[in-house]
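Here's the structure, in structure tokens; my notes come after.
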Amino acid sequence: MRVSTGAVEGAEVNIRPRNSEIVSQEEVSGSLEQKNLVDYSAERKKSLRARYSYGIIFLVTNLIAWFIRDYGQRLLPQLHYLKACGPGGHDCFRTLGVLRVSLGCFIFFFLMFLSTSNTKKLFEARNTWHSRWWSFKFFLFVVSVAIPFFLSSDFIQLYGEFARIGAGIFLLLQLVSVIQFINWWNNYWMPDKEMKQSCSIGLFMSTLFYIASICGIVVMYPFYVPRASCTLNIFFITWTAILLIVMMVISLHSKVNRGLLSSGIMASYVVFLCWSAIRSEPATQKCNTQEQVNGNGDWITILSFLMAICAIVMATFSTGIDSQSFQFRKDGVQQEDDIPYKYGFFHLVFSLGAMYFAMLFISWNLNSSARKTIRWSIDVGWASTWVKIVNEWFAATIYLWTLISPVVIQSKVMDHDEPMQQTDDSAMP
């Protein structure tokens, strides 16, 4: 009996350390999980901050391209001695100078795209490369921008042709992102019929956008149609008004029933594109009443130029972080160690944005006549006008298709189901 009692006491003695070990292991595992959460949060913050660093790099590149175009020939005489720049260094300034800076920016961001593509977790080496190593990436950026100034002019002209295509792809991606944002805003303000407050706010916003669109149409006629011979501007403005009416009618159709908010926002966007296209017409034309910009530029011209550059950067940045709009299949629930946005898509958009800003600085014109650009000007010329007009029409077409495509697909499904139902009925005794 004594032996059994001692054995039981010994067993109790042996059990207690095991319980304490279990408690200590749970505490250790809990502390490790908490540490991992802190590490994940820190890595995610670094990744999010990195976006703005890349945006600053892109902004600096835009300013370098502008400086090379307008002041490089006078303030950078060192480039005259480069063989690739030709006699007097003319092939490294103005149009070709902008293309060389654009190519350098494209090389940098395309290398980042190749090195960060398919990154999924925060503790991968590619995530560290995306969010850190800024000293080495600054060196890589400087080398990337310098390399094109040693390339031949024929190669730069070939890149310019390729940049036109890349800029068009960028405009398409930006357009899809804008339409997705409009649909999200429409769902946010008008999610349910039972939420009367939200619906009233949505109705107020839609009315506001339509008033702005109509006012824009009305104001453009006296400003950009000073005489009846301005038939092209009359066509641009009138066709924009027709698109506005068509979008409103289709969105209110009983089979579509999408409301007025999304169509109102899209109408404002289309009117803005029309206004921007007409503003891009050369100032020497009789139908464009804006004053010719002088060599130095007044404060309004300079402010408009700086706002245009900021708009380029913001458009590239917003499209780059909007990778969800371009996913064919939605991912599952995001894990704690997943990256906050797609790095590869982000850098790919910035590489296409490098081509886009080059086209804006040279007005989509690769000919030698485009080198004689006015200082502080951006995206001015008939090529720029037609690019924006086609972009406007394409935007309206895609938006109208997003409205009617569910109805078309639903009708096709119903037509396909009816013969099958009739076959099943005839097979029944």
Side-chain angles (χ1 to χ4, degrees), residues 58-108 141-142 144-168 170 279-285 292-298 301-302 304-309 311-313 353-388:
F58 190 76
L59 174 61
V60 170
T61 309
N62 278 260
L63 296 177
I64 293 174
W66 158 74
F67 181 81
I68 291 291
R69 188 196 69 174
D70 291 352
Y71 299 100
Q73 193 168 7
R74 185 178 64 181
L75 300 179
L76 293 176
Q78 297 83 0
L79 296 178
H80 297 175
Y81 301 101
L82 294 179
K83 183 178 180 181
C85 294
H90 295 292
D91 292 341
C92 285
F93 304 110
R94 300 190 183 277
T95 298
L96 291 179
V98 170
L99 290 175
R100 292 178 189 274
V101 176
S102 170
L103 177 57
C105 184
F106 171 79
I107 291 174
F108 173 76
F141 170 74
V142 172
S144 300
V145 174
I147 287 177
F149 286 90
F150 295 92
L151 301 178
S152 64
S153 300
D154 295 335
F155 183 83
I156 300 300
Q157 286 283 353
L158 180 62
Y159 167 75
E161 297 291 345
F162 181 67
R164 282 178 172 175
I165 301 175
F170 175 83
R279 286 279 299 177
S280 295
E281 293 177 359
T284 55
Q285 300 297 319
Q292 180 75 26
V293 182
N294 55 33
N296 297 323
D298 54 6
T301 304
I302 296 175
S304 301
F305 175 81
L306 295 177
M307 290 177 62
I309 290 183
I312 296 171
V313 177
M355 299 180 179
Y356 176 66
F357 83 70
M359 292 298 104
L360 295 186
F361 276 109
I362 67 175
S363 300
W364 299 82
N365 196 339
L366 301 177
N367 298 328
S368 58
S369 59
R371 298 181 183 181
K372 298 179 181 180
T373 54
I374 303 172
R375 291 177 182 175
W376 300 101
S377 65
I378 185 170
D379 204 18
V380 176
W382 283 113
S384 299
T385 297
W386 280 106
V387 167
K388 292 179 179 179

- Taking all atoms of both residues into account, what is the closest heavy-atom pair of M355 and F106, and its distance? CE-CE1, 3.2 Å
- Task: Could you pull out the closest heavy-atom pair between F150 and R100, with the gap in Å?
- Result: N-NH1, 4.5 Å
- Identify, with sequence neighbours excluded, every residue that meets side chain to side chain donor-acceptor pair (under 3.5 Å) alongside S384. D379
- Query: Are the side chains of S152 and Q157 in touch, meaning some heavy atoms are under 4.5 Å apart?
  - Reply: no
- Query: Looking only at heavy atoms, which two atoms of V380 and P282 are closest? And how far apart?
  - Reply: CG1-CA, 4.3 Å
- Do R94 and I68 have side chains that get closer than 4.5 Å, going by heavy atoms? no
- Message: Quick one, S144 and F141 - any side-chain contact, counting heavy atoms below 4.5 Å?
- Response: no
- Query: Do F357 and I309 touch side chain to side chain, with heavy atoms closer than 4.5 Å?
  - Reply: no
- To the nearest 0.5 Å, atom CG of L158 lies from atom CG of L366 at 10.5 Å
- If we ignore angles and hydrogens, is there a donor and acceptor under 3.5 Å between the side chains of N62 and W66? no
- Query: F149 and A84: which non-hydrogen atoms are nearest, and at how many Å?
  - Reply: O-CB, 3.6 Å
- Task: Could you tell me whether the side chain of V387 reaches within less than 4.5 Å of the side chain of M359, counting heavy atoms only?
- Result: no
- side chain to side chain contact (heavy atoms under 4.5 Å, CB included) against F67, all qualifying residues, sequence neighbours excluded: Y71, L75, L76
- Message: Whether the side chain of T385 engages the backbone of G381 through a donor-acceptor N/O pair (distance < 3.5 Å, no angle test) should be reported.
- Response: yes
- Note on the structure: Interatomic distance, CH2@W386 vs CD@E281, rounded to 0.5 Å, equals 9.5 Å
- For the side chain of R69 and the backbone of F361, is there at least one donor-acceptor N/O pair under 3.5 Å apart? yes
- Verify whether one side chain among Y159 and S102 offers a donor that lies under 3.5 Å from an acceptor in the other. yes
- Under the side chain to side chain contact (heavy atoms under 4.5 Å, CB included) criterion, do V60 and I64 qualify, and how do the steps go? CA-CA 6 Å; V60 170; I64 293 174; 3.9 Å; yes
- Message: Testing the basics here: between T61 and C105, what is the closest heavy-atom pair and its distance to 0.1 Å?
- Response: CG2-CB, 3.5 Å
- Query: Are any non-hydrogen side-chain atoms of L99 and L96 less than 4.5 angstrom apart?
  - Reply: yes
- Hey, does V145 have a side-chain heavy atom less than 4.5 Å from the side chain of L103? no
- Note on the structure: For A167 and W364 the tightest heavy-atom approach is CB-CH2, 3.5 Å
- Sequence neighbours excluded, which residues qualify as side chain to side chain contact (heavy atoms under 4.5 Å, CB included) partners of V142? F138
- Item | Any I312 side-chain heavy atom under 4.5 Å of F58 side chain | yes
